[in-house]
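Here, residue 1 is the first one in the sequence, and each next residue gets the next number.
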Amino acid sequence: MTLLTILRYPDPRLHTVAKPVAAVDARIRAIARDMLETMYEAQGIGLAASQVDVHERLVVIDISEGHDQPLVLINPEIVWASPETQVNDEGCLSVPGVYDGVQRASAVRVQALDLDGQLRTHSAEGLLAVCIQHEMDHLMGKVFVEYLSPLKRNRIKTKMIKQKKDEERDAVR
């Protein structure tokens with residue numbers, strides 16, 4: 001397995017709309033395994049292929065405390081979302097250290113292929129529902145900070161650019 005590089009906001013590649021996965025094959029299974037390893041290493045609970053510069057409709061999620069219940073969603077589609085919404089603090093591996101409230105459906109039902117290419121339906125509420133919606137936004141080229149006010153978004157963008165420059169400067173030393 002390989003650790004992948006997670007793109008950081010405001011990298012323009014994060015705004016690329018992902019294409020459907022053409023076939024669930026060994027290549028896709030390997031990418032999913034690498035994404036899970038990368039997500040666990042980064043102490044995240046979800047990762048979209050778009051975040052690792054693979055612009056295909058593939059998401060990995062694991063909200064379990066033991067990190068032993070991975071969910072792989074290939075070509076996911078939300079087929080139902082509850083009319084009830086809730087605001088939750090969200091963070092993102094592509095926007096490290098930033099958390100803010102985002103309003104999302106309280107519950108969703110998603111259809112997706114699994115690693116065997118079988119169509120599955122998953123019903124989710126709470127944290128899992130939030131995570132599914134968050135990761136699916138990535139597949140559409142949207143980062144959670146885009147739900148925030150322009151002022152907050154610009155502050156975050158400035159902070160991320162400064163953080164990257166500081167890291168590059170420190171790496172030269």
Looking only at heavy atoms, which two atoms of G46 and L93 are closest? And how far apart? O-CD1, 3.9 Å
Verdict with reasoning, V130 to Q86, per side-chain contact (heavy atoms from CB on, under 4.5 Å): CA-CA 9 Å; V130 169; Q86 59 189 29; 4.2 Å; yes
In the structure I gave you, are the side-chain heavy atoms of T5 and V52 within less than 4.5 Å of one another anywhere? no
Name all pairs fulfilling the salt bridge (Lys or Arg N to Asp or Glu O under 4.0 Å) condition that reach into residues 48-64, sequence neighbours left out, sorted by first residue then second. R13-D53, R27-E56, R57-E77
Donor-acceptor contact present, side-chain N75 to main-chain V21, <3.5 Å: yes
Salt-bridge contact K162-E167 (side-chain N to carboxylate O under 4.0 Å): no
Around E125, counting heavy atoms of other residues, nucleotides and ligands shown, do more than 12 lie under 6.0 Å from its CD? no
Hey, what do you get for OG1 (T16) to CG (L7), rounding to the nearest 0.5 Å? 8.5 Å
SG-CG distance between C131 and L47, expressed to the nearest 0.5 angstrom: 9.5 Å
Quick check: does any side chain N or O of Q133 sit under 3.5 Å from a backbone N or O of A129, one acting as donor and the other as acceptor? yes
Interatomic distance, I31 atom CD1 to D34 atom CG [nearest 0.5 angstrom]: 8.0 Å
Report the hydrophobic cluster partners of I63, with the cluster defined as I, L, V, M, F, W, Y residues connected by side-chain heavy atoms closer than 4.5 angstrom, directly or transitively. I45, V59, I61, L71, L73, I78, V108, V110, L127, L128, I132, M136, L139
Salt-bridged, R8 to D11, with N to O below 4.0 Å? no
Taking transitive links into account, so neighbours of neighbours count too, which hydrophobic residues share a cluster with V87 at under 4.5 Å side-chain distance? none
To which residues is I161 joined in a hydrophobic cluster, defined by side-chain heavy-atom contacts under 4.5 Å among Ile, Leu, Val, Met, Phe, Trp and Tyr, whether direct or through other members? none
Please say yes or no: joined through hydrophobic side-chain contacts below 4.5 Å, possibly via intermediate residues, are L4 and V143 part of one cluster? no
Heavy-atom pair with the smallest gap, counting every atom of V24 and D114: CG1-O, 3.8 Å
Quick one: side-chain contact (heavy atoms from CB on, under 4.5 Å) partners of E41, sequence neighbours excluded? L3
The criterion is ring-ring contact (aromatic ring centres under 6.0 Å, His included); which residues satisfy it with Y9, sequence neighbours excluded? none
I need the full list of ring-ring contact (aromatic ring centres under 6.0 Å, His included) pairs touching residues 77-129, with sequence neighbours left out, sorted by first then second residue. none
Checking H134 now: which residues fulfil ring-ring contact (aromatic ring centres under 6.0 Å, His included) with it, not counting sequence neighbours? H138, F144
Got a sec, which pairs hit salt bridge (Lys or Arg N to Asp or Glu O under 4.0 Å) with one end in residues 86-99, sequence neighbours left out? E90-R104
Taken to the nearest 0.5 Å, the spacing of L113 CG from I74 CD1 works out to 6.0 Å
Quick check against the 3.5 Å criterion: does S50 have a side-chain atom that pairs as donor or acceptor with the backbone of L14? no
Would you check if P76 and E135 make a side-chain contact, meaning some heavy-atom pair closer than 4.5 Å? no
The reported gap from CD in Q163 to CD1 in I156 (rounded to nearest 0.5 angstrom) is 11.5 Å
Connected-component partners of L151 among ILVMFWY, side-chain separation under 4.5 Å: none
So which pairs with a foot in residues 139-158 pass salt bridge (Lys or Arg N to Asp or Glu O under 4.0 Å), sequence neighbours left out? D100-K152
Would a 4.5 Å heavy-atom cut-off, applied to side chains only, mark V60 and M39 as touching? yes
Who are the ring-ring contact (aromatic ring centres under 6.0 Å, His included) partners of Y40, not counting sequence neighbours? H67
Minimum-distance pair of heavy atoms, taken over all atoms of A32 and L115: CB-CD2, 4.0 Å
Would you say E168 has more than 12 foreign heavy atoms packed within less than 6.0 Å of its CD? yes
